[in-house]
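In what follows, a single structure is set out as structure tokens and then discussed.
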Amino acid sequence: MARYSPKEVEPKWRAAWDEAGAFHAETGSPKPKYYVLEMFPYPSGQLHVGHTRNYAMGDVVARFKRARGFNVLHPMGWDAFGLPAENAAAERGVDPAAWTWDNISRMREELKRLGLSIDWSRELATCDPAYYGRQQAWFLKLLERGLVYRKEGQVNWDPVDMTVLANEQVIDGRGWRSGAVVERRKLTQWFLRITDYADALLDGLKTLDRWPDKVRLMQENWIGRSQGLRLTFALSHDGPIEGVSVYTTRPDTLFGASFVAIAPDHPVAERLADGDSAVSAFVATARKGGTSEAEIESAEKLGWDTGLKVIHPFAPERLLPVWIANFVLMDYGTGAIFGCPAHDQRDLDFARKYDLPVTPVVLPAGEDATVFHVKQEAYVGPGRIYNSGFMDGLDIEAAKTAAVARAEALRIGEGATVYRLRDWGVARQRGWGCPIPVVHCGDCGVVSVPTDQLPVRIPQGLDFTQPGNALARHPTWKHVSCPRCGGPAERETDTLDTFVDSSWYFARFTDVDAETVIDKDAADYWLPVDQYIGGVEHAVLHLLYARFVTRALADEGMLSVKEPFAGLFTQGMVTHETYRRQSGEWLEPRAVDVRGEGLDRRGFAADTDEPIVIGDAEKMSKSKRNVVAPGDIANTYGVDAARLFVLSDSPPERDVQWTSGGVEGSWRLVNRIWAEFDQDSGDDSPDGIDEAATLALRRHTHKAIKAVTETIEGFRFNSAIARLYEFVAVVRTARSSACSRQSRHEALSALARLVGPFAPHLAEECWLRLGESGLLATAPWPEWDSALTEDDEQVLPVQINGKRRGEVLAPRGATSEEVQSLVFQNEDIVKRLEGLTIRKVIVVTDRIVNIVAA
RNA sequence: GCGGAUGUGGCGGAACUGGUAGACGCACUGGAUUUAGGUUCCAGCGCCGAAAGGCGUGGAGGUUCGAGUCCUCUCAUCCGCACCA
């Protein structure tokens, strides 16, 4: 018996699949379609184990569905624009395009080595003019429809990457890539009107029943729809302004108002600051923060009394002061609020600091209106409205309705829906990206590049050695004549956010060679993606943008689906322990020798034998050197063992910790499986067939088929692999009994096919050894016979007062009476019951018996 | 602060609608083969206990014949949002 040799076996089968075109997806096939997609990678040039896990999951699904008779589309592409290429260009003087394409070809080879069942004829790269040119085409369509606009506004500026970021890309006040503290700047920017789709995107979430609740919730919160009242407070006397418009979700507390506050960026504040150095000094202080860490931590409320007074809309005799306050945000609602300190904690903090009145208007049940007070904690619970004129006695909801109605009747406000979601700023000041295909003309303004002149290509020879936008610095590229008037004009030098590139690639995959942006027939056939797989880190960013663009393109008539991804699965990361010398230097796993277990587990440097600090398992990263290269693993154990391991140790949605022991376990499984095939299956025993053993083997086979099928369908790959371990053990044991030749063949044939999605090369080799014709990759999935998945007899545990005290062997489906008679014939149990009075006997068919006795 | 998730052996984790807790893997222990083995095979492995038995799914209550699973409270960890009016 030869040891299984992945080095020889694996390449052989990859070539065979290629040659047979086994993974070619035929658009329009009458078979039911199934589109499985993993989030496409950035071509960094190096595959890591995280990729291996992500793509192995998709491949399990793809291979399984193919075997189940589906016409499967499983494509691969490259999210190829982005800063790393510019950084490489700056550091090494290479051309970003050359660098990127080079990485792509390297990574393609590494990915192919994983044995993924991908239709490589559909490969695409976002940096290919054939792709981004079509992106420019639909961008212009959206521009025509008013979904793209330019606006001067406050933007998030990443001082390290020297570019603008969308709100979604600012995390804890820092750039999502660079980690640098983001600054606020005023710039003219390109926006996509995603807010037009806020309701649609929110409502659409309800239809995504195969998405994780967590992701839907995150998107829901991100969109942040709220219902309230927009209301204008009129100025009490003539002044520099007419009034202040505020937004509130608590119009029921209007009678508790004791001040109006506006944001430091509010036009009124800016007007007042203009020419008043004291005001402008305050505005500058208040505005400073919002992003810096210190500012976020100290939530100190700052205010400035403008001296202006506004009239309470429902009680004109009352005047409220207008303050400028740092806790009011310009970009939410109207940038102004009314303060009701009794029922809002922030307003209360502010009121206490500046000694403003606190008037409760919501009375909690059981409190006495004459003594109820709000001290340091605002009351935000339910209750009855009081101190509130026409709203007195109403509950909160009724009062809200009444307040809105009154405001509308007085023509000073109206019910309003407000969103947290802002429009998507898509322009980036970068050279290595999809150019925004417009021209600025002094006479005609912004002019679209005519369709027949697309794609607007990135020019050769950009200079990336200086920070900032290389495209803008190019000596000639931007100088063109206006497509409309022919006069001198300049190209737009901003490029599109790379999230635009990834917001429609799944549609392009349905026909990568389409002359149009998207081939409608192909898209209608394949979309939506049935199963999308990727990291949770894209829960809001990519997944929200892709949903938006899909709807926008659908409204443009390019697509029929409204939601791109019918099923979503968010997989966990691959982590590894971290190792550090006493000096603080990080060590690679291979440079560390780990001994002992539990609390005595210690690490030593392989070179000096000095003690090493073993840190927690963390996401693999270059900086901590806790990285294991998939290539190295494949060289040692083969890719099948690596695929098995990344899926076996943890449920797919959770992180998995890479351990060398773990892969070795998978490698043992590979060999154990092979050992079952690598021998003469032989003839039936001359002494006759053991019918009982044969039946037992067949039952195990059918149970295994059922269990593996159901666990794959439920995305419980770790459990599926556990069932494989068990089944191999059964098959091995059966070798020593006289099972029929036929039953052995049935078992092995099933085993090979069940292994197929996880360890496809091994499975093919087994299939060949079994003498089956054709590729296992295109063979049908085994079926199970439900008559064989359940035993005729089973052991029923017998409990006395809920504690297990024995067991009986009962036929399947035995009635309560039958089971009870067996139980009371059982000596052990009878002995246990001596001296006790039986109160009740519960028999759960085929499950358990519980005797209640005292 | 708001919202959400998760707590099970030395470790990763199983357990479908409440029904034998700890499948499967790792680590470990003993044995066999080989003895160059860090190979392979067999067995053991939640805790206490010699055993009988008892105790065990973060903690405290509760519902139930029966709870890892359901309910209430609580603690811890992780994630998302964060002065959102």
Side-chain angles (χ1 to χ4, degrees), chain A residues 1 3 171-173 212-215 217-222 224 226 228-229 246-250 253 261 263 289-290 295-296 299-301 325-329 331-340 343-347 349-350 418-421 536-537 539-540 594 596-601 617 644-645 648-651 653-657 659-666 668-669 671-672 675 707 710-711 714 716 718-726 729 732 795-807 839-853:
Chain A
M1 165 182 141
R3 200 150 206 219
I171 292 154
D172 291 338
D213 292 343
K214 177 192 166 88
V215 175
L217 196 68
M218 280 166 73
Q219 292 211 355
E220 194 180 314
N221 291 339
W222 190 266
S226 83
L229 170 68
V246 304
Y247 171 73
T248 179
T249 56
R250 292 297 303 274
T253 64
E295 223 284 331
I296 287 167
E300 171 101 27
K301 304 246 177 319
N326 67 338
F327 70 95
V328 181
L329 307 174
D331 43 13
Y332 184 79
T334 60
I337 60 158
F338 77 81
C340 175
H343 304 295
D344 182 289
Q345 191 60 46
R346 293 155 303 174
D347 297 348
D349 294 344
F350 192 76
V418 163
Y419 302 88
R420 209 191 79 108
L421 182 71
V536 241
E537 65 272 22
V540 178
V594 178
E597 65 167 319
L599 292 173
D600 295 324
R601 210 162 159 273
L644 280 166
F645 177 67
S648 70
D649 235 27
S650 284
E653 67 277 13
R654 239 186 271 181
D655 290 353
V656 64
Q657 189 181 337
T659 62
S660 54
V663 223
E664 276 165 25
S666 301
R668 273 194 282 274
L669 176 63
N671 283 293
R672 251 180 254 172
E710 288 174 353
T711 45
R716 301 197 305 276
N718 54 327
S719 293
I721 293 169
R723 298 289 86 78
L724 292 178
Y725 272 100
E726 282 173 337
R732 191 218 301 255
V795 175
L796 295 187
V798 179
Q799 297 181 334
I800 297 174
N801 294 328
K803 296 210 152 88
R804 190 177 188 278
R805 291 304 186 208
E807 55 190 38
R839 294 261 164 80
K840 202 170 171 187
V841 179
I842 292 139
V843 177
V844 183
T845 308
D846 295 340
R847 271 285 147 99
I848 200 166
V849 181
N850 192 11
I851 301 167
V852 187

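These values consider heavy atoms only, across backbone and side chains, with no hydrogens, waters or symmetry-generated copies.
The phosphate of B:A21 has neither OP1 nor OP2 within less than 4.0 Å of any side-chain N or O from A:Arg804. Proximity of A:Asn221 to the phosphate of B:C2: no side-chain N or O atom is located under 4.0 Å from OP1 or OP2. Contact annotation: A:Arg716 reaches the phosphate of B:A15 (side-chain N/O to OP1 or OP2, under 4.0 Å). Between A:Arg723 and B:A14, a side-chain N or O to OP1/OP2 separation shorter than 4.0 Å is absent.
Nearest-nucleotide assignment on RNA chain B puts the 5′-proximal partner with A:Arg654, out of A:Arg654 and A:Ile848.
Across all strands, A:Asp344 comes closer than 4.0 Å to no nucleic acid atom at all (heavy-atom distances). Residue contacts for A:Val328: at a heavy-atom cut-off of 4.0 Å it reaches a base atom on one of the strands shown.
With 3.5 Å as the limit, one finds no donor-acceptor pair spanning the side chains of A:Tyr725 and A:Ser648.
Listed candidates were B:C65, B:A14, B:C83. Nearest to the side chain of A:Lys840 is B:C65. Which of B:A85, B:C24, B:C41 sits closest to the side chain of A:Tyr725 comes down to B:C24. When the nucleotides B:C65, B:A23, B:G13 are ranked by their closest atom to the side chain of A:Ser650, B:G13 comes out on top. Comparing atom distances between the A:Asn326 side chain and each of B:C83, B:U20, B:C24 picks out B:C83 as nearest. Among the nucleotides B:G54, B:C41, B:G13, the one closest to the side chain of A:Arg805 is B:G54. The side chain of A:Lys214 has B:C79 as its nearest neighbour among B:G12, B:C41, B:C79. In this structure, of B:C65, B:A82, B:G3, it is B:G3 that holds the atom nearest to the side chain of A:Leu217.
Using modelled atom types, no side-chain atom of A:Asn718 and backbone atom of A:Asp649 make a donor-acceptor pair closer than 3.5 Å. The backbone N or O of A:Ile842 sits nowhere less than 3.5 Å from a side-chain atom of A:Asn850 that would complete a donor-acceptor pair.
Remark: A:Asn801 CG to A:Arg839 CZ distance equals 9.0 Å, nearest 0.5 Å.
With P as the reference atom, B:G12 and B:G58 are 13 Å apart, rounded to whole Å. Atom P of B:U57 sits at a distance of 9 Å from the matching atom of B:U69, rounded to the whole Å.
Rounded to whole Å, the distance from CZ on A:Phe327 to P on B:A82 is 18 Å.
One donor-acceptor pair, N or O on each side, does fall under 3.5 Å between the base of B:C16 and the side chain of A:Arg847.
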Report the secondary structure of RNA chain B in dot-bracket form, marking unpaired bases with a dot and bases paired to a different strand with |, and treating Watson-Crick or G-U pairs with both distances under 3.5 Å as paired. (((((((..(((......[....))).(((((.......))))).(((....)))..(((((..]....))))))))))))....
